[in-house]
There are 2 protein chains.
Amino acid sequence: MSTRSASDRPSMRQVAETAGVSHMTVSRVLNGHPSIKESTRDKVLHAVEQLGYHRNIAARALALQRTLRIGAVVETEAEFGPASALRAIHRAARRRGYSVSSVALDEDETGDPDRAFQQLLALGIDALCLVTPRSASVAAVRAASLDVPVLVVKPEREPELLRVCVDQQLGVTMAVDHLAALGHRDVLYVSGPMDWLDARARERAFRARAQSWGMRERPIVAGDWSADFGYDFAIGLERVPEYTAIVAANDEVALGIVHGLHDRGLRVPDDLSVVGFDDAPFSRHSIPPLTTVRQPFEALGAAVVDVLLAAVEGLEIPQRTKIPPELVVRLSTAKARTAP
Amino acid sequence: MSTRSASDRPSMRQVAETAGVSHMTVSRVLNGHPSIKESTRDKVLHAVEQLGYHRNIAARALALQRTLRIGAVVETEAEFGPASALRAIHRAARRRGYSVSSVALDEDETGDPDRAFQQLLALGIDALCLVTPRSASVAAVRAASLDVPVLVVKPEREPELLRVCVDQQLGVTMAVDHLAALGHRDVLYVSGPMDWLDARARERAFRARAQSWGMRERPIVAGDWSADFGYDFAIGLERVPEYTAIVAANDEVALGIVHGLHDRGLRVPDDLSVVGFDDAPFSRHSIPPLTTVRQPFEALGAAVVDVLLAAVEGLEIPQRTKIPPELVVRLSTAKARTAP
DNA sequence: GATCCTCTTGTTCCCGGTAACATTTCACGT
DNA sequence: ACGTGAAATGTTACCGGGAACAAGAGGATC
């Protein structure tokens, strides 16, 4: 099959001519307008088929005053979590006939959210979402007071903004419960950067659940999301014998921690259990394979797009917007060794 | 700063009115037309600034008969390599004022490249690139005979298509040389799927270089790109003592191999050295950290966009299109144990 | 001072869709 | 047969830019 060129792409008027109708009739058929005679619809669809016609998106956008484009701002695409969420949003949007333009704040952007918004607005977007934002980005999007619908992917409700999230509290709770069931009472929590709202929510959830199990209160360590951090942290960790388990901000940090402990001659899970977050592809085959909380990115992406497009199209906003993650138990967690 | 809504976004005519000129003068200023009086340009730019004006991309696309959009087809976004390449292309395109719409063949698409092309053409694209394609995709893009410029990211030249690639041969050569220098003569090569052109090129390069070092000829194993495959492979590998090193298709496979060997009680690098490909983020902190060939994705993305836009805009096509990777030596490789 | 050029700017139309309104067609009741 | 209203379809204008052509201004030439 040979595909035609941009230049000889047929227009709606040509389709109309082929079908022996006016271009408006073609437009109506393609938009599912109700009052079109069956026979006319067939003629038109046949002509469309015959010419291999596609509507011109740019012309449509111009006439509709809608771009059929969603903007997405993500803090970084380098981490597995945000990148996966973004990909899922892409896919879900495409299924709905929308495309997604994304900007990552950690690259050429000098991390200025406002510039990112400007960039996306210049492109023309019908809606905007912030994927697992830091608090500064949420503040910036409020200040910008865009008037396209704005959605944040973050744990707490956000007045006047749309919101969808993974149930971080549930994820952390499952992890803590798992450790508790294995007899751990001395658990160290290594958080992501505290200005990421996801990290903050997890940390709160950890504190609450650890407390309810009567675990010993431990200082929360805040790092970044990188394996390098995990490694350095593990290397520098003092009074290791006081702990029996570590819960890490994500799988990368967990991996780094395992590596660091290994380099100190400590073994996972014999000396310490380690739990990650995300279920990145490598987690299944790290040594030892990581127990982790798998995030439901596909469902998240679908929910984001559902909510956003409902808002754009003036429909009722779905309310089921907190998506449960799943605990994946592997070998990096085991029964707590008896108290030191 | 408050950003205006899609609805009250000013048009070029409003800017023109504010500046006291015609809309064409505004258009000329914005397009850098030479014959514009300095004072007029200033007036216009001032008005643009004052109104926070951005040109409407859709209207521009319609008038220019160009979409300022590049299509990208990638076999999968789930692997680190293709995903990184794609991200880099995105970034490079944005710097040039283009956006990228991508389709991954392994998801909702039933893997049919032709459908992916159709989807992208329906969106309207000025150029198309195939990122690290399988041979079937290249065949499909030829058959489709699109008449936008088409670029393939693959090792061999491709008559009539544009091409840019990472120098896979050099990468493999560096890896083999590294092993040879450590005294390895019995090296097993675990390839990616042979219908991926990158995998094929690496395999050929491996054969050639291994031979030139006088390494023993070994059957090439073809798998997929996953850690699961690497694990299963390692578990099932027979006559292990005959080998002193394994070169894997990518870091994930390498990770799985290390894991599998570990589960068999074999140690890396003491019993076997392992080399990966890509330098994925986890590779630095796996146990042991992986020796690997780092791919220059940023440069690759920039080159892809340079070539493609040169073609779109009718400029001279850059010829420097083979980008050298870099060997990263870590702990998964060591001196070969003396012959078994 | 008239002519011709070049520099600069303006006018008009078109790109390919959709909305709003106009018009034709047709079934039906009387 | 004719009026009537709904269904089906057509006509026109407009979305916001850019290309082509037109036109006014100012300078050089003779």
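All chains are named by letter (A, B, ...) in the order of the sequence lines, taking the proteins before the strands, and each is independently numbered beginning at 1.
Remark: A/N56 is not in phosphate contact with C/dC15, judged by side-chain N or O atoms under 4.0 Å from OP1 or OP2. In terms of phosphate contacts, A/R28 brings no side-chain nitrogen or oxygen within less than 4.0 Å of OP1 or OP2 of C/dA19. Checking the phosphate oxygens (OP1, OP2) of D/dG16, a side-chain nitrogen or oxygen of A/Q65 falls inside 4.0 Å. Contact annotation: A/S27 reaches the phosphate of C/dT18 (side-chain N/O to OP1 or OP2, under 4.0 Å). Between B/T25 and the phosphate of C/dT9, there is no side-chain N or O to OP1/OP2 separation shorter than 4.0 Å.
Between A/E38 atom CD and D/dA7 atom C1' the separation is 15 Å, expressed in whole Å. Whole-Å rounding puts the A/L64 CG to C/dT18 C1' distance at 6 Å. Between B/K37 atom NZ and D/dG24 atom P there is a gap of 16 Å when expressed in whole angstrom units. In this structure, CZ of B/R60 is placed 12 Å from C1' of D/dG16, rounded to the nearest angstrom. Between the P atom of D/dG16 and the CD1 atom of B/I57 lies a distance of 14 Å, rounded to the nearest Å. Between the P atom of D/dC15 and the CZ atom of A/R55 lies a distance of 21 Å, rounded to the nearest Å. Between A/H33 atom NE2 and D/dA7 atom C1' there is a gap of 9 Å when expressed in whole angstrom units.
Donor-acceptor pairing under 3.5 Å is recorded for the side chains of B/D126 and B/T67. Inspection of the B/S99 and B/R69 side chains reveals no N or O donor paired with an N or O acceptor under 3.5 Å.
Ranking C/dT9, C/dG17, C/dG10 by closeness to the B/M24 side chain, first place goes to C/dG10.
For A/E298, the CD atom is densely surrounded, since the number of other residues' heavy atoms within 6.0 Å is greater than 12.
Among the heavy atoms of the strands lying under 4.0 Å from A/I36 are primed sugar atoms or P, OP1, OP2 only; no base atom is included. At a threshold of 4.0 angstrom between heavy atoms, the contacts of B/S11 are confined to the sugar-phosphate backbone, with no base atom among them. Using a 4.0 Å heavy-atom distance criterion, B/L62 is classed as a base contact.
A salt bridge is defined here as a Lys NZ or Arg NE, NH1 or NH2 lying under 4.0 Å from an Asp or Glu carboxylate O, and B/E158 with B/R142 meets this definition. A salt bridge links B/R134 to B/E75: at least one charged side-chain nitrogen sits closer than 4.0 Å to a carboxylate oxygen.
Checking side-chain atoms of B/N31 against main-chain N and O of B/H33 turns up no donor-acceptor pair under 3.5 Å.
Near DNA chain D, defined here as any heavy-atom distance below 4.0 Å, the residues from residues 12-23 of chain B are B/M12, B/R13, B/H23, listed numerically.
Between the side chain of B/R66 and the base of D/dG18 there is no donor-acceptor pair of N/O atoms closer than 3.5 Å. Remark: the A/R9 side chain and the C/dG16 base include no donor-acceptor N/O pair separated by less than 3.5 Å.
Comparing B/P34 and B/A63 by the nucleotide of DNA chain C whose heavy atom lies nearest to each, the residue mapping closer to the 5' end is B/P34.
Contact check for A/V103 versus A/L120: side-chain heavy atoms found under the 4.5 Å cut-off. Side-chain contact check for A/C165 versus A/T321: every heavy-atom pair is 4.5 Å or farther apart.
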